[in-house]
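Here is how names work: the chains are called A, B, and so on, in the same order as the sequence lines, proteins then strands, and each is numbered from 1.
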There are 2 protein chains.
Amino acid sequence: MQKLTKAEEDVMHLIWEIGRGTVSDLLEKFEGEKPPHSTVSSVVRILEKKGFVGHKAYGKTHEYFPLIGKEDYGRRSLGDVLRNYFDGSVSRLVSHLAEEEQLSERELEELLRILNK
Amino acid sequence: MQKLTKAEEDVMHLIWEIGRGTVSDLLEKFEGEKPPHSTVSSVVRILEKKGFVGHKAYGKTHEYFPLIGKEDYGRRSLGDVLRNYFDGSVSRLVSHLAEEEQLSERELEELLRILNK
DNA sequence: ATTTTATAACGTATTTTTACGTCAAATAAC
DNA sequence: GTTATTTGACGTAAAAATACGTTATAAAAT
């Protein structure tokens, strides 16, 4: 499957956030520096060409929506990282994670609960 | 920090694999379809410009080596995925992982051992 | 010493990504 | 109805990534 580039990923996150909406809706969601409307439009069109989003036209107005869930893409990304950087070893990945992001007591418990059941 | 593109990442993995070596050394390591020598050279130069690799010259021969460890980059990538797709929640990430990649009994035990100590 | 081989750099060509001005159509405001 | 505004598409420009032919240099072979 295709990968999202940086700009594409940013827009994709907004689409996931709002569920469905026009380019202008996306534009509103940008923090701080809002890019030109036409720039967002370009990215959305590319996302559509790549199969990440679809749209429904209401006259001239296009409502875009994701064709792939954030969870799906996230899982896939995680899988890539797992295979490329941790030899596919879940335990190796998790131990790095446990070192790096220091886990709160709650998270650790949560984790053990998940794994034990 | 910069991100690796696909082609760059492929070459980078080879550099990590061999530790240090010339463009020709890298070329040998390619599975199947070997790209032209000059293509690999280009990618390596870009990697150097981006600060991922350095080189030591022996006359005209250049020996390239990584300036960033595979572990470092992997950790960073994992962190990105964690933040972008799992709300920074380690337990959420791990539970997805546990579903997706079905863990062997051994891996599960290994994991619990790591977390419990 | 001369030729052959192997080297990486350089300069480009091509493709992809990012960015945006402009336009026509649709809608809203008057 | 006419004007102003909002819409997304289109075309294209600029930048970055990918790809490779050519060349000069160094090393090896003869």
Side-chain angles (χ1 to χ4, degrees), chain A residues 1-15 18-68 73 77 80 84, chain B residues 1-15 18-68 73 77 80 84:
Chain A
M1 210 248 326
Q2 299 246 37
K3 264 196 184 175
L4 294 168
T5 65
K6 185 64 176 55
E8 286 163 6
E9 192 175 21
D10 289 345
V11 171
M12 207 58 210
H13 272 288
L14 297 179
I15 295 177
I18 67 178
R20 50 194 305 131
T22 67
V23 172
S24 302
D25 294 336
L26 293 173
L27 206 50
E28 276 177 22
K29 284 288 177 180
F30 270 87
E31 304 285 320
E33 283 286 292
K34 291 183 200 303
H37 185 282
S38 50
T39 299
V40 178
S41 171
S42 290
V43 174
V44 172
R45 270 184 294 146
I46 290 169
L47 284 172
E48 186 159 26
K49 196 174 70 191
K50 288 192 176 181
F52 286 102
V53 311
H55 81 267
K56 185 158 167 22
Y58 298 99
K60 189 80 175 182
T61 301
H62 284 47
E63 207 178 48
Y64 293 95
F65 49 85
L67 290 180
I68 180 177
Y73 190 78
S77 303
D80 286 346
N84 285 322
Chain B
M1 207 247 325
Q2 299 246 40
K3 263 196 187 176
L4 294 168
T5 64
K6 185 63 176 57
E8 286 164 5
E9 191 175 22
D10 289 344
V11 172
M12 208 58 209
H13 273 288
L14 297 179
I15 296 178
I18 67 179
R20 50 193 306 131
T22 68
V23 172
S24 303
D25 293 336
L26 293 173
L27 207 49
E28 276 176 24
K29 285 287 176 180
F30 269 87
E31 304 285 322
E33 282 287 291
K34 291 183 200 304
H37 185 280
S38 50
T39 299
V40 178
S41 171
S42 291
V43 174
V44 171
R45 270 184 292 147
I46 290 169
L47 285 172
E48 185 158 28
K49 197 174 70 190
K50 287 192 175 179
F52 286 101
V53 311
H55 81 267
K56 185 158 168 22
Y58 299 98
K60 189 79 175 183
T61 300
H62 285 47
E63 208 178 48
Y64 294 95
F65 49 85
L67 290 180
I68 179 176
Y73 190 78
S77 303
D80 286 346
N84 284 322

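- Within the structure, every pair that satisfies the salt bridge (Lys or Arg N to Asp or Glu O under 4.0 Å) test and touches residues 28-48 of chain A, not counting sequence neighbours, is listed here: Glu17(A)-Lys29(A).
- One side chain, Asp25(B) or Thr22(B), offers a donor N or O that lies under 3.5 Å from an acceptor on the other.
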Contact letters for nucleotides 12-30 of chain D, in which S counts primed atoms plus P, OP1 and OP2 and B counts the base, heavy atoms under 4.0 Å: -----SBBBB----S----
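- Residues Lys56(A) and Phe65(A) approach most closely at N-CE2, 3.7 Å, considering heavy atoms.
- Aromatic ring orientation, His55(A) versus Tyr64(A): tilted (interplanar angle from 30° to 60°).
- With hydrogens and angles ignored, the 3.5 Å screen pairs a side-chain donor or acceptor of Tyr73(A) with a backbone N or O of Leu4(A).
- To the nearest 0.5 Å, atom CG of residue Leu67(B) and atom NZ of residue Lys50(B) are 14.5 Å apart.
- When DNA chain C is scanned 5' to 3' for any atom under 4.0 Å from a heavy atom of chain B, the first and last hits are dT7(C) to dG11(C).
- The shortest non-hydrogen separation linking Val40(B) to Pro35(B) is CG2-CG, 3.7 Å.
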